[in-house]
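Structure first, then comments.
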There are 2 protein chains.
Amino acid sequence: MGADLPDIDLHRSIAARLAEHGQHYTANRRAVVDALARAGAPITLPDLLAVDESLAQSSAYRSLSVLIDVGVVRRLVHVGDHALFELAEHLTEHHHHLICESCGTVVDVTLPDRVEAAMDRTFDEVATALGFAPLHHAVDIYGTCATCTP
Amino acid sequence: MGADLPDIDLHRSIAARLAEHGQHYTANRRAVVDALARAGAPITLPDLLAVDESLAQSSAYRSLSVLIDVGVVRRLVHVGDHALFELAEHLTEHHHHLICESCGTVVDVTLPDRVEAAMDRTFDEVATALGFAPLHHAVDIYGTCATCTP
DNA sequence: GTTGGCATGAGAGTGATTCTCACTCTAGCA
DNA sequence: TGCTAGAGTGAGAATCACTCTCATGCCAAC
Ligand SMILES: [Mn+2]
Ligand SMILES: [Mn+2]
Ligand SMILES: [Zn+2]
Ligand SMILES: [Zn+2]
């Protein structure tokens, strides 16, 4: 989404978070992050490898796994047979997804703060009523994208 | 969820929908529907086979696939390595999911109509602004369930 | 009662993801 | 600056949820 951190801060922030977990920000992990940042939308692993041809498949999967573990990357499922990967929200901003049921395209959307706040209040109420302690939420809006609409 | 159709109507409704698509409501498909109805929450395929031991894995998967194609069953991903299956909303009611990040339990929740309406309005606005024609939405509330909270 | 076509299920196949292991790099110390 | 222990890498093997195949079963319509 629009409000990304400048690259320098992005990488510094990621390095710090990895360090907190006793992990290093290696060249491979940085290459994966760069590819995700360059994509600017959730992408599949094949797409990731296409963005940076020097990446090896097994290492890309492993770097993503480490980055997910420390909270730098988020993995999305729900569409197609490949998972989608994107930078975590603390590196971009809280957002949700528009999913085209025809072509599988996924794009980020942000909702007005007013609406987010109202949703959080409601979710907290209904979850608590069922003995759940809610931590966060995901909203997926399914429909048809511009290019798939005739 | 609470407001299920009585069994007779449930099966009649499903038979009709299958017929619309030139499909039959066979014993196997009915057994799968019964198992899902009995579960009352999204369940995995292994769980389904456990509920009805007479079901064969390959046939259960195929029956689910047919039932999904005609809109009687919905498939959820997002949690664990097995997909979750539940009866479609027109057989139960529009609802969303509470997902325990600790044990993977998934339970249904309904939101107040007022909130659903407000969300739909907002989703329509933001989607349209991005050239998307929104059709429906899914909300997942992640947190910790009662038994996982110490 | 025969026949044609869909349904079933055991087992084989598929493919995204994960694991293995021999090799490489690097951080930290001498 | 050299050494070394431990972490990182990647080609290929393995895993496993799910799908496909095909021989057989079932049923409806004549
Ligand atoms: Mn939100
Ligand atoms: Mn809703
Ligand atoms: Zn599309
Ligand atoms: Zn739990």
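Not measured: the values here are computed from a predicted model. A note on names: the letters A, B, ... follow the listed sequences, proteins ahead of strands, and every chain is numbered from 1.
The closest side-chain donor-acceptor pair between A/H96 and A/D108, if any, does not fall under 3.5 angstrom. Checked by atom type, the side-chain pair B/Q23/B/R29 shows a donor-acceptor distance below 3.5 Å.
As a whole-Å value, the separation of B/D81 CG from C/dC19 P is 11 Å. Computed from coordinates, the B/F85 CZ to D/dT19 C1' distance equals 12 Å when rounded to whole Å. Look at CG on A/L49: it is 11 Å from P on D/dG10, rounded to the nearest Å. Rounded to whole Å, the distance from CG on A/D47 to P on C/dT17 is 12 Å. Atom CG in B/L45 sits about 16 Å away from atom P in D/dC16, given to the nearest Å. Going from atom NE2 of B/H24 over to atom C1' of C/dG4 covers 13 Å, rounded to whole Å. Rounded to a whole Å, the CG atom of A/L18 is 13 Å from the C1' atom of D/dG8. Between the CG atom of B/L84 and the P atom of D/dA17 there is a distance of 13 Å, rounded to whole Å.
OP1 or OP2 of D/dG8 sits under 4.0 Å from a side-chain N or O of A/Q23. Considering only side-chain N and O atoms, A/H82 lies nowhere under 4.0 angstrom from the phosphate OP1 or OP2 of C/dG15.
Side-chain heavy-atom separations under 4.5 angstrom define the hydrophobic clusters, and the remaining members of the one that includes B/V77 are A/V77. Grouped with A/L135 in a hydrophobic cluster is no other residue, since no side-chain heavy-atom contact under 4.5 Å to another Ile, Leu, Val, Met, Phe, Trp or Tyr is found.
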Under 3.5 Å, which donor-acceptor pairs link side chains of residues 80-89 of chain B to any protein atom two or more places apart or in another chain?
{"unit_1": "B/E86", "atom_1": "OE1", "unit_2": "B/H95", "atom_2": "NE2", "d": "3.2"}
{"unit_1": "B/E86", "atom_1": "OE1", "unit_2": "B/H97", "atom_2": "NE2", "d": "3.1"}
{"unit_1": "B/E86", "atom_1": "OE2", "unit_2": "B/R74", "atom_2": "NE", "d": "3.0"}
{"unit_1": "B/E86", "atom_1": "OE2", "unit_2": "B/R74", "atom_2": "NH2", "d": "2.7"}
{"unit_1": "B/E86", "atom_1": "OE2", "unit_2": "B/H95", "atom_2": "NE2", "d": "3.3"}
{"unit_1": "B/E89", "atom_1": "OE1", "unit_2": "B/H94", "atom_2": "ND1", "d": "2.9"}
{"unit_1": "B/E89", "atom_1": "OE2", "unit_2": "B/R74", "atom_2": "NH2", "d": "3.3"}
{"unit_1": "B/E89", "atom_1": "OE2", "unit_2": "B/H94", "atom_2": "ND1", "d": "3.2"}
{"unit_1": "B/E89", "atom_1": "OE2", "unit_2": "B/H95", "atom_2": "N", "d": "3.0"}

Would you tabulate the side-chain donor-acceptor contacts of residues 140-150 of chain A under 3.5 Å, counting partners in other chains and residues two or more places apart, or write 'none'?
{"unit_1": "A/D140", "atom_1": "OD2", "unit_2": "A/H78", "atom_2": "ND1", "d": "3.4"}
{"unit_1": "A/Y142", "atom_1": "OH", "unit_2": "A/H78", "atom_2": "ND1", "d": "2.6"}
{"unit_1": "A/T149", "atom_1": "OG1", "unit_2": "A/C145", "atom_2": "O", "d": "2.8"}

Under 3.5 Å, sequence neighbours excluded: what are the donor-acceptor pairs made by side chains of residues 56-66 of chain A?
{"unit_1": "A/S63", "atom_1": "OG", "unit_2": "A/N28", "atom_2": "OD1", "d": "2.8"}
{"unit_1": "A/S63", "atom_1": "OG", "unit_2": "A/S59", "atom_2": "O", "d": "3.2"}

Between side-chain atoms of residues 41-52 of chain B and protein atoms elsewhere (two or more places apart, or another chain), which donor-acceptor pairs fall under 3.5 Å?
{"unit_1": "B/T44", "atom_1": "OG1", "unit_2": "B/D47", "atom_2": "N", "d": "3.2"}
{"unit_1": "B/T44", "atom_1": "OG1", "unit_2": "B/D47", "atom_2": "OD2", "d": "3.1"}
{"unit_1": "B/D52", "atom_1": "OD1", "unit_2": "B/S54", "atom_2": "N", "d": "3.0"}
{"unit_1": "B/D52", "atom_1": "OD1", "unit_2": "B/S54", "atom_2": "OG", "d": "2.7"}

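Put simply, the side chain of B/V139 reaches to within 4.5 Å of the side chain of A/F123, judged on heavy atoms. For the pair A/L18 and A/I14, the minimum side-chain heavy-atom distance is below 4.5 Å. Counting only heavy atoms from C-beta outward, the side chains of A/H137 and A/E116 approach each other to under 4.5 Å. Side-chain atoms of A/R30 and A/T26, non-hydrogen and from C-beta on, never get closer than 4.5 Å to each other.
Of the residues in residues 58-67 of chain B, those with a non-hydrogen atom less than 4.0 angstrom from any atom of DNA chain C are B/S58, B/S59, B/R62. Proximity of residues 25-36 of chain A to DNA chain D (heavy atom under 4.0 angstrom from any strand atom) is restricted to A/T26, A/N28, A/R29.
The ring pair (Phe, Tyr, Trp, His ring centres under 6.0 Å) pairs that include a residue from residues 20-41 of chain B are B/H11-B/Y25, where partners are two or more places apart or lie in different chains.
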| said: Let me check I have this right: for DNA chain D, each base becomes ., (, ), [, ] or |, based on Watson-Crick or G-U pairs with both distances under 3.5 Å. What is the full string? | reply: ||||||||||||||||||||||||||||||
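Residues passing the salt bridge (Lys or Arg N to Asp or Glu O under 4.0 Å) test with B/R12, sequence neighbours excluded: B/D9.
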Under 3.5 Å, which N/O atoms of the protein pair with N/O atoms of nucleotides 26-28 of chain D?
none

